[in-house]
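Counting from 1, the numbers follow the sequence of the chain as shown. This structure is a prediction, so every number in the text was calculated from the model and none was measured.
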Amino acid sequence: MSENWDFYALQVDGEPASIFLDLGMQSDAPHRALSHMAYVSLAMNQPRPDGLSSHEEFDALLKIEKAMQANLCAENVVYVGRNTSGGSRDFYFYTSAPESWQSKVARVLSVFDDYEYEADTREHAKWSTYFDFLLPGEIDRQRIENRRVCQALEQRGDALVAEREIDHWSYFDKPAAADAYLAEIVASGFVLRARSVSDEGELRHVVQAWRADVPSYRTIDAVTLPLFEAAARHGGRYDGWECPVEA
C-alpha cells in the first residue's frame with residue numbers, strides 16, 4: 001500500500017458514486033501472488049437520499065474501514081480501494097489466501113453487528129477490478145490533479161478567490177499539431193507564453209499558454225478540461241497548470 005491515495009466522483013450503474021483508491025499501486029500491480037480479488041460489501045445504515053455516505057455516518061464508516069485495514073491487511077492481503085454508491089460501501093482487497101477470507105472478515109466485523117455485509121473472493125490474476133473499475137480515466141485523473149494543485153495553493157495561504165494569470169503546458173509530436181492547438185485555444189482567450197522543444201520523449205514540442213482565471217475548486221475544471229481535450233484532439237498531451245500564490 002502506497003501513500004498516494006485520492007478520491008473522485010463518477011456514475012456507477014447510473015447512480016452517483018465516489019471512489020477512493022490507492023493510485024500508487026498502479027506502478028507495480030498486478031502482484032502475481034495476490035491473484036484473488038476479495039471484497040466486503042457493507043450496507044450503510046444512514047446513506048444520503050442519492051445513495052452516497054452521509055455526514056452522520058462518517059465516523060462509523062471510517063472506524064470500520066480502519067478496523068479492516070488493521071486486521072485484514074498482511075503480507076498476503078492488500079487493500080486497494082473502495083466504492084460508495086447505491087447505499088453501499090464496497091471495500092476491495094487482493095489476497096493470496098481466498099479460502100480464509102470470509103472467516104477473517106466475520107471476526108473483524110463481529111464488533112459492528114449493527115451492519116449487514118457480504119464478503120467473497122474472485123480470481124482476478126490481472127487485477128481487473130483495480131485497473132478497469134477503480135482507477136480513474138484520464139479526465140477524472142486531471143480533475144484529481146486540479147484539486148491537488150488547489151490544495152497546495154491553499155496550504156500556502158491562498159484563498160482561491162483572486163483572478164490571476166494561470167500558465168498551462170501541453171506537449172505535441174509535431175510543430176503543426178502545436179500550431180493547430182494554439183490556434184484553437186487562442187480563440188478561447190488564451191495567450192502564448194512560450195514555445196520550446198524538449199530533449200526527451202516523442203511529444204517534444206511544448207506550448208506554454210496563459211489566461212487570467214480564478215484557480216478555485218469550483219471553476220478550475222472548466223478551465224483545464226477544454227485544454228486537455230483540445231490537446232488530445234491534436235495528438236498531444238495536456239500536462240497541467242500553475243500560478244502564483246495570492247495570499
Side-chain angles (χ1 to χ4, degrees), residues 4-12 14 16-21 23-27 29 130-247:
N4 186 13
W5 286 73
D6 218 316
F7 70 93
Y8 65 101
L10 70 163
Q11 293 275 315
V12 172
S18 176
I19 286 180
F20 178 65
L21 79 156
L23 290 164
M25 188 68 70
Q26 182 179 8
S27 60
Y130 178 77
F131 283 105
D132 299 337
F133 176 58
L134 292 175
L135 270 184
E138 292 183 346
I139 292 291
D140 286 320
R141 194 177 291 271
Q142 183 59 51
R143 290 191 176 102
I144 290 172
E145 293 303 320
N146 289 343
R147 188 173 65 245
R148 288 180 171 183
V149 177
C150 287
Q151 289 170 342
L153 289 169
E154 273 190 323
Q155 290 169 1
R156 296 176 64 185
D158 199 315
L160 306 182
V161 295
E163 183 177 273
R164 82 288 305 260
E165 293 182 4
I166 301 178
D167 283 87
H168 306 265
W169 281 262
S170 297
Y171 292 76
F172 302 88
D173 61 345
K174 297 177 181 178
D179 291 340
Y181 166 78
L182 184 58
E184 180 175 342
I185 67 171
V186 163
S188 298
F190 291 91
V191 179
L192 176 66
R193 178 84 73 190
R195 289 279 298 264
S196 60
V197 180
S198 171
D199 294 331
E200 299 180 0
E202 295 181 1
L203 302 179
R204 300 174 57 236
H205 298 273
V206 186
V207 174
Q208 179 184 353
W210 68 273
R211 193 177 73 181
D213 288 291
V214 177
S216 72
Y217 293 106
R218 184 176 58 85
T219 61
I220 194 61
D221 288 347
V223 176
T224 64
L225 295 184
L227 296 176
F228 180 97
E229 293 165 348
R233 278 195 297 274
H234 297 289
R237 184 186 77 247
Y238 177 73
D239 200 44
W241 58 277
E242 69 175 31
C243 63
V245 174
E246 296 285 349

- Item | Atom of Glu246, atom of Asp158 and distance for their closest heavy-atom approach | N-OD2, 2.8 Å

- Message: In the structure I gave you, are the side-chain heavy atoms of Leu135 and Leu21 within less than 4.5 Å of one another anywhere?
- Response: yes

- Query: Taking C-beta and beyond as the side chain, do Tyr181 and Leu227 meet within less than 4.5 Å on heavy atoms?
  - Reply: yes

- Value for CG (Asn4) from CD1 (Ile144), rounded to nearest 0.5 Å, stands at 9.0 Å

- Query: Within 45 degrees of the axis of the six-membered ring of Phe228 and under 6.0 Å from its centre: does Arg141 put its NZ or CZ there?
  - Reply: no

- Does Glu138 CD have over 12 foreign heavy atoms under 6.0 Å away? no

- Item | Derivation of the side chain to side chain contact (heavy atoms under 4.5 Å, CB included) call for Phe172 and Asp179 | CA-CA 10 Å; Phe172 302 88; Asp179 291 340; over 6 Å; no

- Interatomic distance, Trp5 atom CH2 to Met25 atom CE [nearest 0.5 angstrom]: 7.0 Å

- Item | Interatomic spacing from CG in Asp173 to NE2 in His234 - rounded to 0.5 Å | 12.0 Å

- Task: Indicate the atoms forming the closest heavy-atom contact of Ala209 with Ile185, along with that distance.
- Result: CB-CD1, 3.8 Å

- Message: Could you measure the distance from the OG atom of Ser216 to the CD atom of Glu154? Nearest 0.5 Å is fine.
- Response: 10.0 Å

- Is the number of heavy atoms from other residues, nucleotides or ligands within 6.0 Å of CD (Glu202) greater than 12? no

- Message: Whether the side chain of Arg164 engages the backbone of Pro244 through a donor-acceptor N/O pair (distance < 3.5 Å, no angle test) should be reported.
- Response: yes

- Go through the steps for Tyr8 and Arg143 under the test side chain to side chain contact (heavy atoms under 4.5 Å, CB included), then give the verdict. CA-CA 8 Å; Tyr8 65 101; Arg143 290 191 176 102; over 6 Å; no

- Ion pair check, Arg148 and Glu145, cut-off under 4.0 Å: yes

- Message: I want to check something: taking the side chain as every heavy atom from C-beta on, are Val149 and Cys243 in contact at a cut-off of under 4.5 Å?
- Response: no

- Which atom pair, heavy atoms only, marks the closest approach of Val207 to Ala178? CG2-CB, 3.8 Å

- Point-to-point distance, once rounded to the nearest 0.5 Å, from CZ of Arg204 to OG of Ser196: 10.5 Å

- Query: If you take all heavy atoms of Tyr238 and Ser170, which pair is closest and at what distance?
  - Reply: CD1-OG, 3.5 Å

- Message: Taking the basic N atoms (NZ, or NE/NH1/NH2) and the acidic carboxylate oxygens, is any pair closer than 4.0 Å for Asp213 and Arg211?
- Response: yes

- Mind listing the closest non-hydrogen atom pair of Arg195 and Pro175 along with its distance? NH2-O, 3.8 Å

- Given the rule in the side chain to side chain contact (heavy atoms under 4.5 Å, CB included) test, do Val214 and Ile166 qualify, once you have shown the distances and angles that lead to the verdict? CA-CA 8 Å; Val214 177; Ile166 301 178; over 6 Å; no

- To the nearest 0.5 Å, atom CH2 of Trp210 lies from atom CD of Glu165 at 4.0 Å

- Query: What is the minimum heavy-atom distance between Trp241 and Asn146, and which atoms define it?
  - Reply: NE1-OD1, 2.9 Å

- Item | Minimum side-chain heavy-atom gap Val223-His168 below 4.5 Å | yes

- Query: Do Ile19 and Pro136 have side-chain heavy atoms sitting under 4.5 Å apart?
  - Reply: no

- Message: Counting C-beta onward and ignoring hydrogens, is there a side-chain heavy-atom pair between Arg147 and Ile220 closer than 4.5 Å?
- Response: no

